[in-house]
Protein chains: 2
Amino acid sequence: MKLKLDRSLKTPLYLQIRDQIGQLILSQQLSPGYRLPPERKLAAQLGVNRTTIVNAYHELAADGLIQSHVGRGSMVCIHPTMNQDRIPIQPVSWQNYYSSQAERMHNPVLASILDEISEEDQISFALGAPAGEYYPLKELNEICKAMMHAGNWQAFAYGPTIGHLPLREYLADWLRLRGIKTQAQNILITSGSQQGLDLLTKIFLEPGDFIVMEEPSFLGAIGVFKTAGAHILTIPLDEEGIRTDILEQILSRRRPKFIYTLPTFQNPTGTTMSLARRHELLKLAYQFHVPIIEDDPYSELYYEQGPFPSLKSLDEHEHVIYLGTFSKMLLPGLRLGWCVAPTTVLEQLSLAKQHVDLHTSTTTQWIMTDFCNQGMLDQHLSLVRNQYKRQRDIMADTLTEFSPPGLSWVLPSGGYYLWCELPPGINATSLLRKAAEKKVSFVPGNAFHIHSGGKNLIRLCFCHHTEATIREGIYRLCTAISELLNQPSQGRPAHRHHYRETLV
Amino acid sequence: MKLKLDRSLKTPLYLQIRDQIGQLILSQQLSPGYRLPPERKLAAQLGVNRTTIVNAYHELAADGLIQSHVGRGSMVCIHPTMNQDRIPIQPVSWQNYYSSQAERMHNPVLASILDEISEEDQISFALGAPAGEYYPLKELNEICKAMMHAGNWQAFAYGPTIGHLPLREYLADWLRLRGIKTQAQNILITSGSQQGLDLLTKIFLEPGDFIVMEEPSFLGAIGVFKTAGAHILTIPLDEEGIRTDILEQILSRRRPKFIYTLPTFQNPTGTTMSLARRHELLKLAYQFHVPIIEDDPYSELYYEQGPFPSLKSLDEHEHVIYLGTFSKMLLPGLRLGWCVAPTTVLEQLSLAKQHVDLHTSTTTQWIMTDFCNQGMLDQHLSLVRNQYKRQRDIMADTLTEFSPPGLSWVLPSGGYYLWCELPPGINATSLLRKAAEKKVSFVPGNAFHIHSGGKNLIRLCFCHHTEATIREGIYRLCTAISELLNQPSQGRPAHRHHYRETLV
């Protein structure tokens, strides 16, 4: 039974309570025989005096809607006296129908950010998206032209839940070249790697389960794990990645369902886990029988030296479930990712996916298969590695040029992001507001934190914009920081809005 | 603690139990201090004699792994005596990590069916898919050619979770022509209507919640509701659709979270709810404050008279949430459906979708938008209405021509399916086996039932094949029925296999 009191109204609280409970009874949302909460309990819940509830119940009894018995409390009458037909049809109070999962979905940090970046003339360093100008549109056009002919209706038909076999075969080969010993039957095609996270959550997590993740970490993962009702145990990172010493302490006390990690060019910090740390992490996973979910969207985007071995490629005992995606290294709009898992897990994931969306779009899978089989993925990777490296350097150089003293960052050796620490006294949320005035945006660090923390950190994506726009945007950002530094007070925190856009 | 006994082994059961529990302790899957289940309880669970468990626990105590105390039961020792380092690395026992939701996902009816239809030379009347020969591939080719040019990279970029605005605007107009008063902001684009069902389940259902649905009904809906742990209250259908008299009785006793219904050309029965019944259903929904989820994939495929008004179009009080899809009326491989809902529900669904897959493929949405805006959807509908009507009639005529006495069906006035009652004594599952020998398949009626029932019913889809193939397939099917009728025993039930294909 949910009641909402409005203290700004003239109607006394006990009458508000009487009216709302009366409404619930007359509309049969509270059934005959329903036992109302004890007066003291409802009073505590609503934050009112017990007498207020006593009065409200008294009124309801006088109306013939409830009966009170000393020692047994109050219950809804079997035949409430009012005439059913006189009740006007009420709109559904949807919030009373939501699941506990739905109630865990709110994400105010994101909500406030996203409204800031929705305006047209903003330069957004918030969205972790590849640059549209490099999308291979000409090649995609050619592929579609060749693919969409009369005999090829299968490209638009239902397909298997696990995914298009030729795409899974391509990926198996491609992953084998990267040291991951797998085969097509252990690869599930997902609608982006976000879906992989959701499916894994679905098959593994129960409300109250413990999981382990790095802090800070990918906000899409935080959101899905929180929604599932997981207790998140956080492990800090240092320059070699996840702190395995702290992890070991935690594992000796708790049994998490899994460890979620993003070892290469981590989002948001850009950190890459050292080889030694990777081995330590695997050793702990084996010792404590904890599976690892390795999220690996960025590893192909290396700007200094060749690719790092994934945890999956180092795993000799099938403890690692691996998530990949085309979204960051190629383009996100086809919504194609994949999950590599042991056979039994893959079967369970496929069963879950069948319920969730039957299968990922056949058409987009066929397009991607042709693209990959014509050798265009590796070609594209060479191009963007080169470009994104330049963009990273331009962003860093421009920051060096314009930033006020106290701003610091570590140049990542790959991936998408510069993770910056603001000068002392500057709060990321306040800066977001000031930056919005200057038409530039970013993601404040607290969005990537499970508990508190990150308030003096910001994430800047250097991939999405051209070099000139990066320079202009960073100039604006530095101006905003400088102005805040010279301002006595930082003003009110940013306003919270409803969800508008996708943030990744 | 999950143990699996194999009675075909020579190892005595008490030693199998000892070994498995010992393994769980040594691998730390059972923590020090973990209290083992009482002997009597574990015996009942495993279906063994209590002495067997007593002996197993005795062995474990002798090994120094557990301690038993009279009256307090047995617990894992704080320091199991065996040396940690001597334990070889064990593979993860994944089934011990699954959520209760994962454990509810099994769907053996489907599993056995799907294996039957996966062979190449089978004529499958099982899959509810449109005919590939009518897919507008030439038009799609033209659309992609025009769309995929350098300036148009947005067609491959991230997009809003709620969906591509021009597509939602088109749908709002299209639905308004069908009496549904809505607007783009109340429409969420989903990855097929299956995803709509999954998202609604996510935001509304808690394990143990009651919901109402017709029986028989769409198996994808049954699967997703069962997985969520819902208690499904079933209402039978008559020739006017859902039995509202029975529904009323149920609603006066129970408060379901929602009523799921497929009112027009129902899957699998082909039944269309009468107008009077639609009004009665809405009246009950208003009276008992129960939302309705209206699933409407087939209503545009009418073969006798104009479209029926949807429940949503008759709903004056926002009690109906409406699901639509392009899969049945156009093609399924783009995975595009939509959900029309009140604003507050739509916001919650969008939030859920953000966690699930960020958004539906931008590219497929752009393709569909162009297709629709060029007036091709309505054009396509005229074509398929005409063709599918012919196919329906050919299937019915061929059944009349070849079926042995006792087979009956009602000709549906639209949609995809003939729902047939088998001659007395013929079981649908046995027939599936016999039919597989003849290289023809269908879905046995029990797949659409929540409890038991449907064993003498089969669903045949008449849309997927050409006229000649339909005749050949029905001839094979009738031969299979005749042979079964003339056979003294029906043989063993069909074998159960793992999941292979998508069935809808």
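What you see is a predicted model; the values in this text were computed from it and never measured. Below, read A as the first sequence line, B as the second, and so on, with proteins coming before strands; counting in each chain starts at 1.
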Let's test your reading of the structure: which of [options] forms the most heavy-atom pairs below 4.5 Å with chain B?
| options | answer |
| --- | --- |
| A:T362, A:N141, A:T201 | A:N141 |
| A:V356, A:T363, A:I367 | A:V356 |
| A:L331, A:T227, A:T190 | A:L331 |
| A:E316, A:Q348, A:H317 | A:Q348 |
| A:F204, A:F288, A:F258 | A:F204 |

Rounded to the nearest 0.5 angstrom, the CE-CD distance for B:M148 and A:E139 is 12.5 Å
Just how far is it from atom CG of B:L358 to atom OG of A:S191, taken to the nearest 0.5 Å?
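OG of A:S191 is found 10.5 Å from CG of B:L358.
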Could you tell me which non-hydrogen atom of [X] sits nearest to which non-hydrogen atom of [Y], and how far apart they are?
| X | Y | answer |
| --- | --- | --- |
| B:G128 | A:Y158 | O-CE1, 3.7 Å |
| B:S361 | A:T364 | OG-CG2, 3.8 Å |
| A:I89 | B:Y286 | CD1-CD1, 3.6 Å |

Is there a side-chain contact between [X] and [Y] (heavy atoms, below 4.5 Å)?
| X | Y | value |
| --- | --- | --- |
| B:Y98 | A:T344 | yes |
| A:P291 | B:V92 | yes |
| A:L137 | B:H149 | no |
| B:H289 | A:Y97 | yes |
| B:I203 | A:M105 | yes |
| B:K145 | A:C144 | no |

Best-contacting candidate, [options], against chain A by heavy atom pairs under 4.5 angstrom:
| options | result |
| --- | --- |
| B:R253, B:E103, B:E318, B:H319 | B:H319 |
| B:A285, B:P332, B:P342 | B:P332 |
| B:G132, B:G196, B:G337 | B:G132 |
| B:S93, B:S31, B:A157 | B:A157 |

For [X], is it the side chain, the backbone, both or neither that has a heavy atom under 4.5 Å from a heavy atom of chain B?
| X | value |
| --- | --- |
| A:P136 | neither |
| A:T360 | backbone |
| A:N152 | backbone |
| A:I321 | side chain |
| A:H464 | side chain |

Counting distance only, does the side-chain N/O of A:Q194 pair as donor-acceptor with the main-chain N or O of B:H355 below 3.5 Å?
yes
Do B:R255 side-chain atoms and A:Q29 backbone N/O form a donor-acceptor pair below 3.5 Å?
no
Can you tell me how the ring of A:Y135 sits relative to the ring of B:W153, calling it parallel under 30°, perpendicular over 60° and tilted otherwise?
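Aromatic pair A:Y135/B:W153 classed perpendicular.
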Would you call A:K202 and B:D198 a salt bridge, taking side-chain N to carboxylate O under 4.0 Å as the test?
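Answer for the salt bridge query: yes.
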Stepwise side chain to side chain donor-acceptor pair (under 3.5 Å) test for A:E206 and B:S100:
CA-CA 7 Å; A:E206 210 72 55; B:S100 51; 2.5 Å; yes
